[in-house]
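Presented below is the structure to which this report refers.
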Number of protein chains: 2
Amino acid sequence: MNKPTLASLAAELNVSRQTISNVINFPDRVRPETRARVQEAIERSGYRPSAAARALRNQRANALGLRLSNPRNGISGSIMDAFTHSLVERADQSGYRIVLFPARTNEEEVDKLVELRRTLAIDACILTDTWLDDARPAQLAEASVPFAAFGRPWGAKDHGRWADVDGRAGAAEAAAHLRALGHERIGYLGWSDGSPVGKDRRVGWAQALCLSGDQEAELAVEVEDTVDDGAAGMAELLSRGATAVVCASDTLSLGAFTVIRRRGGSRQCIIGFDNTPVARELGLSSMAQPVDEVAATVLDMVLAQIADPAVELEGVLIAPALVARQGSALTG
Amino acid sequence: MNKPTLASLAAELNVSRQTISNVINFPDRVRPETRARVQEAIERSGYRPSAAARALRNQRANALGLRLSNPRNGISGSIMDAFTHSLVERADQSGYRIVLFPARTNEEEVDKLVELRRTLAIDACILTDTWLDDARPAQLAEASVPFAAFGRPWGAKDHGRWADVDGRAGAAEAAAHLRALGHERIGYLGWSDGSPVGKDRRVGWAQALCLSGDQEAELAVEVEDTVDDGAAGMAELLSRGATAVVCASDTLSLGAFTVIRRRGGSRQCIIGFDNTPVARELGLSSMAQPVDEVAATVLDMVLAQIADPAVELEGVLIAPALVARQGSALTG
DNA sequence: GGGCTGAACTTGAACGATCCACGGGGGTTC
DNA sequence: GAACCCCCGTGGATCGTTCAAGTTCAGCCC
């Protein structure tokens, strides 16, 4: 009834611990008939190698750290949720577990990561929500904690260990789609927080439409990321003659939608960002972030670093995909 | 530059490993001046005890397993998100980490939990999304994996290791609130999936209003948990003379809202469930689930079991709280 | 037949923290 | 002053796995 160990199994089978270890880790080092005998015993006894003992001996935890980010700004929180899902699933397939931990600030996050790494609780980590001049990559590199980030090193020195969504290309595609629908004055409804992500999306929209500086200033409105502000911004854009809009988030596109709807317009003139459940439920078009590809990429990056700490990597940009919707009979 | 260990620190300080270990784990066993000297050295060198070595020696991982539940049904996914947040934060304060893992089915979840437990990767686990005749509690008990569940053992034998939200009380409070606002025909917009959670909420609504069987049948409409179905259900309820509605979810209440709004009604006659970001953004009232208390309770329960595997526990019901909103100037 | 090779398996020694039995010094008690 | 206890601290053994260095033995060649 006690947990079987290498030693107890070995005694029972009259072979050495090492032979059993080899059957598990290097099967071809063992003669086929011995291997079969050992494997049978493993199955029968339900033996599982102790992760703790392995971690101690190999100096490797087979785990990755992930900060549980702060409750997200409203509706758009679900991107991180989806990203976490992909990451956990793919990590699992590579034999890695994800360890969650809380942190209120970036400093606390780095402290905890370094601590987790020292204590052999994780081998590497994944960063999210990178910001202008984010200090975390440099600090982690300093402490030689392998990492990869979902998000560019905006402004900071390029460390190459990141994957990000190409917001510029996404906004450009959205704008082009609206133009293909026949719209000639297409507005941009963005964030006033000065975030690099927001600026990037705005540039994509302006470039796709080949706008002059004056035109861009006229057709872009930047507000806080709330439904109310989105509605107010949309009203403003309509008054400036826009007939369609590219939004920096689904929160804003929801606000825009409330205005369009009241005036009897079609929801097809709005394209949001992130393809959240709300957009799906309301039949609003949105740019879907390729979180699965991003998760796969950052995972590959940390695994590569674990295998070879000196490996050189290069950042990767992945374009989002337009999910065009036409609403539903009832709520249309 | 190498990682300090107990042995290396001990050699440097001319004390034994045990003394340092005592300073960390049982400070009062060591003379104050020795303690101070050791603590200083710990700070200076940045020494951290190896979690792997500890786990091996103590047969305890200081970690809890949590299945990353499947992408949730639309808008309401955020409850689990909030619950996870609370859990991670509180576990951290007790020195426990949360290990995420994916599972497609309940069987796979149990298998992985038993495996994680065997390999000493976790000490216990948290279950969520309990369902009618859920087999997981019995299976985990069988494998002697300590656990606690967010959700009652609907239908199954009461194992006592759970905390849940009292949906019945919540729906009753919502109904009473609407009546206090002067409504006399208050409908219920619920799920057609036959879920025990949904039935429970419906019972709360009916009891609070002292409805007869006929009245209940007339004023309750059950549909799928989508915005469109919610809108259709609300239209039906209005045609039956209802002037207000208690909804089983914010998804449904959003659907109901689209109908009420089109007819120029006030959003105050709608109360949803889960207090999701969408409800907040749109100024809709909703019953907020006390996820923080639930997380605290289940955490206490697993810690108690880790300390004493034979401990007897009793399930806990916690009432949700009404968050009354009145909309905003713009979207009102 | 001596020596070499390689396959198949065994053995001892880590990894780093904690438990346990014990030792030496100092004080108390009879 | 001898027996006893308490406090502080020591060193060995232990948790379960894997690495590195053996050992054994069959097969082969000159």
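Every chain is numbered from 1, with letters handed out A, B, ... down the list of sequences. Keep in mind that the numbers below use all heavy atoms, side chains included, and drop hydrogens, waters and symmetry copies.
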- Taking OP1 and OP2 of D/dC8, is either one under 4.0 Å from a side-chain nitrogen or oxygen of B/Thr34? no

- Task: Apply the test side chain to side chain contact (heavy atoms under 4.5 Å, CB included) to residues A/Leu120 and A/Gln59: give CA-CA distance (whole Å), side-chain angles for both, the deciding distance (0.1 Å), then the verdict.
- Result: CA-CA 7 Å; A/Leu120 217 53; A/Gln59 301 289 73; 3.4 Å; yes

- Query: Can you find a heavy atom in the side chain of B/Val165 that is under 4.5 Å from one in the side chain of B/Phe150?
  - Reply: yes

- Residue pairs fulfilling side-chain hydrogen bond (donor to acceptor under 3.5 Å, both in side chains) with at least one residue in residues 91-103 of chain B, sequence neighbours excluded: A/Lys112-B/Asp92

- 4.5 Å side-chain heavy-atom contact, B/Thr84 and A/Leu100: yes

- Base, backbone or nothing for each nucleotide of nucleotides 14-21 of chain D, written B, S, -, heavy atoms under 4.0 angstrom, 5' to 3'? BBBBBBB-

- Note on the structure: Partner of A/Arg152 under side chain to side chain donor-acceptor pair (under 3.5 Å), picked from A/Asp164, A/Asp158, A/Thr130, is A/Asp164

For nucleotides 24-28 of chain D, tabulate all protein N/O to nucleotide N/O atom pairs closer than 3.5 Å, reporting atom names and distance.
none

- Item | salt bridge (Lys or Arg N to Asp or Glu O under 4.0 Å) contacts in which one or both residues fall within residues 25-43 of chain A, not counting sequence neighbours | A/Arg31-A/Glu33, A/Glu40-A/Arg44

- Side chain proximity check, B/Leu68 to A/His85, heavy atoms < 4.5 angstrom: yes

- Message: I'd like to check the side-chain contact (heavy atoms from CB on, under 4.5 Å) partners of A/Asp292; sequence neighbours left out, ordered by chain and number.
- Response: A/Ser86, A/Arg90

- Item | Aromatic ring pairing A/His159/A/Phe147, orientation class (parallel under 30°, perpendicular over 60°, tilted between) | perpendicular

- Task: Under 4.0 Å from any heavy atom of chain B: name the first and the last nucleotide of DNA chain C that qualifies, 5' to 3'.
- Result: C/dG16 to C/dC20

- Do A/Leu127 and A/Leu113 have side-chain heavy atoms sitting under 4.5 Å apart? yes

